[in-house]
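For the single chain, residues carry numbers from 1 onward in sequence order.
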Amino acid sequence: MMLDKLDDKVIGFLIRAKKATYAGKGAESASSRPKSHDLKYSEDGLTYIDTYLGGERFAGEEALWRDGEPFWSMNYVGRVTGENFSGDFLKEALLRVPADKPFRGPARYEDGGYVYECEVSGDTCWFYGHEIISLNGVQIYECLFHGGSIK
């Protein structure tokens with residue numbers, strides 16, 4: 001059975017959506033569930049919704065729809081594991097989402113003693129990965145994610 005990879009147009013949309021919502025400090029939309037944080041972006045028949053619960057320990061899902069039909073999803077769960085975590089640093093890293101792996105941030109990003117690292121296996125039709133943030137060599141954050149095309 002052949003799984004559907006995202007084409008360049010959809011990957012471009014996904015990157016713009018990520019940069020316009022959580023990573024870009026975009027405004028939240030109406031909550032879809034009690035106490036959920038929801039961020040939404042749409043253009044040209046495509047819709048992206050990121051919804052998550054929690055803060056220092058969180059779980060969520062990003063998903064894509066084409067003309068109202070869901071076709072791609074990514075689930076994630078993470079937690080702060082140490083002191084001096086910076087949500088702003090995480091967002092800086094996530095703004096650098098690469099087109100060849102448009103899931104979270106780049107393989108590595110550093111600034112001011114903070115280091116973001118992301119490993120991914122698979123492609124847009126079926127993938128899983130792990131990201132961490134360290135400060136001065138000590139891990140202070142981790143997140144697991146997985147997803148792919150859906151029918």
All heavy atoms of S36 vs all of S32, minimum pair found to be OG-N, 3.3 Å
Please test E131 against E119 for side-chain contact (heavy atoms from CB on, under 4.5 Å), starting from the C-alpha separation and ending with a verdict. CA-CA 6 Å; E131 69 184 6; E119 294 182 12; over 6 Å; no
Could you walk me through whether F127 and F103 pass the ring-ring contact (aromatic ring centres under 6.0 Å, His included) test, one step at a time? CA-CA 9 Å; F127 63 91; F103 314 114; 3.9 Å; yes
Consider only side-chain heavy atoms of I, L, V, M, F, W and Y, link residues closer than 4.5 Å, and tell whether F85 and L135 are in one cluster. yes
Is there a side-chain contact between F89 and D111 (heavy atoms, below 4.5 Å)? yes
ILVMFWY network linking I15 to V120, side-chain heavy atoms under 4.5 angstrom: yes
Is R79 atom CZ crowded by more than 12 heavy atoms from other residues, nucleotides or ligands, each under 6.0 Å away? no
Minimum side-chain heavy-atom gap F58-C143 below 4.5 Å: yes
Looking only at non-hydrogen atoms, find the nearest pair between I11 and A99 and report the distance. CG2-O, 3.6 Å
Does any part of the side chain of Y114, heavy atoms only, come nearer than 4.5 Å to the side chain of L90, both counted from C-beta? no
Check: T47 and L64 side chains under 4.5 Å, non-hydrogen atoms: no
Rounded to the nearest 0.5 Å, what separates atom NZ in K9 from atom CG in D7? 7.5 Å
Could you check R66 against V10 for side-chain contact (heavy atoms from CB on, under 4.5 Å), going step by step and ending with a plain yes or no? CA-CA 10 Å; R66 181 181 289 116; V10 173; 3.3 Å; yes
Rounded to the nearest 0.5 Å, the CG atom of L39 sits from the NZ atom of K25 at a distance of 13.5 Å
Spatial distance of atom OG (S86) from atom CD (E92) [nearest 0.5 Å]: 7.0 Å
Any chance you could measure Q139, atom CD, to E117, atom CD, to the nearest 0.5 Å? 9.0 Å
Taking the six-membered ring of Y22 as reference, does the NZ or CZ atom of K91 fall below 6.0 Å from its centre and within a 45° cone about the axis? yes
So, do P106 and Y116 sit near enough that their side-chain heavy atoms are less than 4.5 Å apart? yes
Quick one: CH2 on W65 to CD1 on I150, what's the gap to the nearest 0.5 Å? 7.5 Å
Considering all heavy atoms, the nearest A23-L94 contact: CB-CB, 3.8 Å
Is W72 reaching over with its side chain to a backbone N or O of T124, donor-acceptor style, under 3.5 angstrom? yes
Honestly curious: do F145 and I132 fall in one hydrophobic cluster under the side-chain, below-4.5 Å linking rule? no
Between A17 and T21, which heavy-atom pair has the shortest distance, and what is it? O-OG1, 2.8 Å
By the side-chain hydrogen bond (donor to acceptor under 3.5 Å, both in side chains) test, which pairs, at least two apart or in different chains, include something from residues 50-63? K18-E62, R33-T51, D38-T51, Y48-E62, D50-Y76, E61-S73
Euclidean distance, S134 OG relative to Y141 OH, rounded to 0.5 Å: 12.0 Å
Does the pair K40 and E28 meet the rule for a salt bridge (Lys or Arg N to Asp or Glu O under 4.0 Å), with working shown? CA-CA 7 Å; K40 185 175 181 179; E28 290 189 15; over 6 Å; no
Same cluster or not: Y109 versus V115, using hydrophobic residues (I, L, V, M, F, W, Y) connected whenever any side-chain heavy atoms lie under 4.5 Å apart? no
Does M74 share a hydrophobic cluster with Y128, counting links as ILVMFWY side-chain heavy atoms below 4.5 Å and allowing steps through other members? no
How about V97 and R104: do any of their side-chain heavy atoms sit closer than 4.5 Å? no
Test item: Y41 and F13 side chains (from C-beta on) under 4.5 Å apart, heavy atoms: yes
